[in-house]
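Presented below is the structure to which this report refers.
In the text below, chain A, chain B and the rest are named by the order of the sequence lines, each starting its count at 1.
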Amino acid sequence: MNDPHNIQSSAPTEEDRALDPQEAARLLERTQQKARRQLTHQTPLLSLAQALVVLVIYGAIWFSVRGQHPYEGPSLGVVGYVYVITAVSILVILALYMKATAGVSGRTRRDERITAIPLVVAVIGVYVVDGALKYDGFSNAIVYGVFDAAVPWVVVGAVMAGLAAAQEDWWKLAGALAMIVVGAGSSFAGPINVWGILALGGCVLLTGQAVLRVRRPQLS
Amino acid sequence: MTANLLDPLIHVEARLRIVATLSAVRDGDDLSSRRLQDMIRLTSDNLVTHLGKLEDAGYLSGRKAVNSGGSQTSVSLTPRGRGALGAYRMSLDDLLGGVWAPR
């Protein structure tokens, strides 16, 4: 196969087939829709799958801690199950993202770095503070309950909101602010029900995102 | 019904597919010619020819990058190319009497 690298080349091949306007309109619409689907990993189906994952993860933790008096936190078995599901989800999303953005360069690559660095630092910061709280003698209800459940949502939401505002992506900003509201609001439910609220709240948010992506595919 | 109003540079099946595909790429992004070829399934020779015509018209720009895997050309629509596609859409809409509502 020839390599189409030098776009100044003028090989004598031509396929100037005339199109009638209706055919052209259909082709334009179909090609753009197909290209949009191929260039993004953020499909309605993925949002629905993420909604299910959030429901399953937070729901499982809520199920494992309900009825605890005093509160001790999720069992090691549930924590292991959560880590496995989270790791698999991240790998699947990364694979879809890499497939969708293969061959894309420019702003998308810059945004990756701009997003990844503060996000990773913020998440590490949350768990450093988590460790400090445990070290300082705070109860399991605070450390393995309210803090572990709600604070990551607020911190990650705040980072995403800042990035969305800088990119003037108002839908993403609305989603990030909703994440902060759900995270902060859930902390009032106490160390047990905070997990249940986040399971439902996260599921609703991501289902809303799926609906939005169906109704406004150009946002994906 | 006449197609004379339609930009002849775009009103060709292969180039319409190229321009439509590149218009779906985010502003500020480029797409490698190899990925573009995979997406629109044109032969290499055809792609080279049509990209050259669109670049000569100022509708797209090419950028060559050298990395560990060799050199790679990436292309993107220029503002002029995006404008031409917008005008092409409007002409199509005029010709079709508003039956087709462009997005």
Side-chain angles (χ1 to χ4, degrees), chain A residues 1-42 97-112 114 166-169 172 215-220, chain B residues 1 3 6 10-14 16-17 19-40 42-56 60 62-65 71-76 85 88-89 91-93 95-96 99-100 102-103:
Chain A
M1 187 178 81
N2 291 337
D3 189 357
H5 280 168
N6 181 6
I7 65 173
Q8 296 294 345
S9 167
S10 56
T13 53
E14 185 67 43
E15 237 181 27
D16 288 351
R17 189 170 75 79
L19 293 164
D20 76 59
Q22 251 176 345
E23 190 184 2
R26 276 197 302 270
L27 180 64
L28 174 56
E29 201 66 21
R30 214 172 43 231
T31 306
Q32 279 190 318
Q33 284 177 2
K34 186 178 164 201
R36 283 194 196 107
R37 281 198 307 272
Q38 289 177 316
L39 289 167
T40 184
H41 70 295
Q42 295 174 322
Y97 176 79
M98 286 167 71
K99 185 180 173 205
T101 61
V104 175
S105 55
R107 188 177 147 196
T108 291
R109 299 299 173 206
R110 286 194 300 276
D111 285 356
E112 279 171 13
I114 292 170
Q167 294 165 357
E168 299 185 2
D169 186 337
K172 196 188 277 182
R215 295 173 67 95
R216 303 176 74 108
Q218 68 275 21
L219 292 175
S220 292
Chain B
M1 187 177 287
L6 298 170
I10 297 179
H11 193 58
V12 171
E13 182 177 342
L16 180 55
R17 283 161 58 198
V19 173
T21 299
L22 290 176
S23 73
V25 175
R26 277 175 81 197
D27 264 348
D29 273 347
D30 302 314
L31 192 63
S32 73
S33 52
R34 204 177 296 280
R35 176 82 195 275
L36 178 62
Q37 190 182 0
D38 287 344
M39 289 173 75
I40 60 178
L42 272 185
T43 65
S44 184
D45 284 345
N46 267 342
L47 182 64
V48 168
T49 303
H50 290 299
L51 288 179
K53 287 190 175 184
L54 291 167
E55 190 180 33
D56 288 345
L60 64 81
R63 192 170 55 82
K64 191 170 254 182
S71 70
Q72 176 176 275
T73 297
S74 292
V75 291
S76 61
L85 181 61
Y88 179 80
R89 280 174 171 282
S91 301
L92 271 182
D93 196 38
L95 282 170
L96 297 174
V99 174
W100 175 64
R103 286 186 194 176

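- Neither the backbone nor the side chain of B/V19 has a heavy atom closer than 4.5 Å to any heavy atom of chain A.
- The two residues A/A24 and B/H11 have their closest heavy-atom pair at CB-CE1, 3.8 Å.
- What you find for B/R35 and A/Q38 is that their closest heavy atoms are NH2-O, 3.1 Å.
- Of the listed residues (B/D27, B/V25, B/L36), the one with the most heavy-atom contacts under 4.5 Å to chain A is B/D27.
- Residue B/D38 does not touch chain A at all, counting heavy-atom pairs closer than 4.5 Å.
- For B/L85, the part lying under 4.5 angstrom from a heavy atom of chain A is the side chain only.
- At distances below 3.5 Å, not a single donor-acceptor pair connects side-chain atoms of B/D29 with backbone N or O atoms of A/V104.
- To the nearest 0.5 angstrom, A/R37 atom CZ is 10.0 Å from B/M39 atom CE.
- With sequence neighbours left out, the side chain to side chain contact (heavy atoms under 4.5 Å, CB included) criterion links B/A24 to A/A35, A/R36, A/L39.
- Taking each heavy atom of B/L92 and A/P21 in turn, the nearest pair found is CD2-O, 3.4 Å.
- To the nearest 0.5 Å, atom CZ of residue B/R26 and atom CD of residue A/Q167 are 6.5 Å apart.
- A/L27 meets the side chain to side chain contact (heavy atoms under 4.5 Å, CB included) test with A/L19, A/R30, A/T31, B/E13, B/L16, B/R17; sequence neighbours excluded.
- In this structure the side chain of A/S105 never reaches within 4.5 angstrom of the side chain of B/Q72, judged on heavy atoms.
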